[in-house]
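In this text, all values refer to a predicted model and were calculated from it rather than measured experimentally.
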Amino acid sequence: MKYKLYQNNKRKYLLDLDSVTLVELDEIAYSHLTENKKNKDVEKDIKTLKI
């Protein structure tokens, strides 16, 4: 899964490049994803966020 994390002003987003899905994140989710970027469990977390 390819994704990018973005920050625009006070809002944080995840862009799933495979499905071109944009998800707005809260501070906790954004921190989790940036800290665990190389962890394979992140892919499972991203799928959960998209639901």
Give the intermediate values and the outcome of side-chain contact (heavy atoms from CB on, under 4.5 Å) for residues D16 and V23.
-> CA-CA 8 Å; D16 178 351; V23 179; over 6 Å; no
Hits for side chain to side chain contact (heavy atoms under 4.5 Å, CB included) against L17, two or more places apart or cross-chain, chain-then-number order -> K2, K4, L15
Exam field: side chain S31 to backbone I28, donor-acceptor pair closer than 3.5 Å | no
Please report the C-alpha distance between E24 and R11 in whole Å, then the side-chain angles of each, then the deciding distance to 0.1 Å, and finally whether the side-chain contact (heavy atoms from CB on, under 4.5 Å) criterion is met.
-> CA-CA 7 Å; E24 186 172 357; R11 293 185 172 184; 3.5 Å; yes
May I ask you to test the N8-Y13 pair for a side-chain heavy-atom distance under 4.5 Å?
-> yes
Where is the tightest heavy-atom contact between Y3 and L14, given as atom of each residue plus distance?
-> CD1-CD1, 3.8 Å
Indicate the atoms forming the closest heavy-atom contact of Y30 with Y6, along with that distance.
-> CE1-O, 3.8 Å
Provide the closest heavy-atom pair for A29 versus D26 in the form atom of the first, atom of the second, distance.
-> N-OD1, 2.8 Å
Looking at residues at least two apart in the chain, or sitting in another chain, which of them share a side chain to side chain contact (heavy atoms under 4.5 Å, CB included) with K10?
-> none
